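Read through the structure below, which is laid out as structure tokens, and then see the notes.
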Amino acid sequence: MRKLISVLLLGLVSLGLFAGDRRVVEPAVSQKNTQTLLAAVTWHTALDAALEQAKKDGKLVFWMQIKGKLDGFV
Amino acid sequence: MSLSQEPALSLLKNTFVCGWRDISGEPYCGKSGAHNVDNPAVVTTNGAGPTNTQLFILAADGTVLHCLPGYWDARDFACEVALAEELNKVWLDGSLSRERKDARFREMHLAHIKSHSADMKKRSQMQGFDKKHEQSKVQDSDCLVPESELSARDKERGKPVFKTTDRIMHERLVNQPFTEFVKFDVARCVKYGRPKYDKKQDNK
């Protein structure tokens with residue numbers, strides 16, 4: 001009986017792990033995440049401008065290259 | 001992408017000046033359609049979709065310190081940012097020759113692979129369809145674990161064993177130490193796996 005329970009538990013965990021490998025994020029959550037990111041950070045569209053600002057601020061530059069639009073993707 | 005989640009979000013706000021560009025039309029850009037905000041997104045593994053997205057960390061003079069191809073978990077992104085900050089110190093160290101700086105770049109990127117947690121490696125498994133694509137070019141792929149590193153069990157199985165994407169990322173970056181962004185060979189860094197990334201997001 002104990003062995004059967006262990007096998008069943010292992011099966012359920014495996015399914016959970018497998019399903020978790022590609023968890024889906026619903027559009028509403030995705031859009032909220034996008035809005036959070038857009039609101040939190042100023043996004044330069046010209047690298048030169050970003051580099052100039054980074055020199056002034058003593059910061060590094062995070063330069064994201066994506067296929068598509070920032071507000072439709074992140 | 002999980003940049004809206006902590007610890008990534010705070011890093012973006014406090015450590016970086018941020019920017020972006022649309023790479024549609026670039027020769028190294030993937031063939032997948034652009035993500036539609038009305039469709040569900042998929043949380044996937046580190047390094048998935050490398051030709052659709054690249055996250056560069058640059059020094060203030062435009063030198064590439066790091067390039068993360070594809071999706072990255074917020075925790076793992078933070079781990080890589082820490083490396084980039086150390087690399088920046090090396091880059092700015094006036095007491096080091098260019099040759100010494102390049103050597104440190106290589107050492108630090110390769111050493112970082114060993115510092116990655118087991119969880120991070122688990123999150124960095126190559127997608128199945130990317131493995132199949134790499135397997136089809138087995139002679140030329142740098143994504144396979146060399147035979148000298150295989151366990152006896154793996155050798156016995158006779159199946160190709162794939163490197164995790166965190167390893168592939170660092171190993172490829174050592175070929176371009178402290179390179180100016182405008183001269184950086186993006187394709188060399190991000191071309192692995194299928195050029196068309198299947199998110200299976202359309203329930204049609």
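Below, chains carry the letters A, B, ... as their sequence lines are ordered, and counting in each starts from 1. Computed from a prediction, not measured in an experiment: that's the story for all the values here.
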Closest approach of [X] to [Y] (non-hydrogen atoms, all atoms of both residues):
X       : Y       : value
A:Lys55 : B:Asp61 : CE-CA, 4.2 Å
B:Ser24 : A:Gly68 : OG-N, 3.6 Å
B:Asn14 : A:Lys59 : O-CE, 3.4 Å

Would you compute the distance between atom [atom1] of [X] and atom [atom2] of [Y] and round it to the nearest 0.5 angstrom?
X       : Y       : atom1 : atom2 : answer
B:Phe56 : A:Leu47 : CZ    : CG    : 10.0 Å
B:Leu3  : A:Thr36 : CG    : OG1   : 12.0 Å
B:Ile23 : A:Met64 : CD1   : CE    : 11.0 Å

Subject >> Donor-acceptor contact present, side-chain B:Asp22 to main-chain A:Lys67, <3.5 Å >> reply: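 No; zero donor-acceptor contacts below 3.5 Å.
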[X] atom [atom1]: more than 12 heavy-atom contacts under 6.0 Å:
X        : atom1 : result
B:Arg98  : CZ    : yes
B:Glu156 : CD    : no
B:Glu85  : CD    : yes

**OP:** Evaluate the criterion side chain to side chain contact (heavy atoms under 4.5 Å, CB included) for residue pair A:Leu37 and B:Leu9; output intermediate values, then yes/no.
**Re:** CA-CA 7 Å; A:Leu37 193 56; B:Leu9 188 62; 3.7 Å; yes
Original post:
Which residues pass the ring pair (Phe, Tyr, Trp, His ring centres under 6.0 Å) test with B:Phe16, sequence neighbours left out?
Top reply: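 Expected list: A:Phe62.
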**OP:** Considering only heavy atoms and a distance below 4.5 Å, find which of B:Glu26, B:Gln54, B:Arg123 pairs most often with chain A.
**Re:**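 The residue among B:Glu26, B:Gln54, B:Arg123 with the greatest pair count is B:Gln54.
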Subject >> chain B interface, residue from A:Asp57, A:Val29, A:Val41, A:Asp48 that has the most non-hydrogen pairs under 4.5 Å >> reply: A:Val41
**OP:** Answer with side chain, backbone, both or neither: which region of B:Leu65 has an atom nearer than 4.5 Å to a non-hydrogen atom of chain A?
**Re:** side chain
Original post:
Is chain B contacted by the side chain of A:Thr42, its backbone, both, or neither, given a heavy-atom distance below 4.5 Å?
Top reply: backbone
Subject >> Under 4.5 Å from any heavy atom of chain B - which part of A:Leu38 >> reply: neither
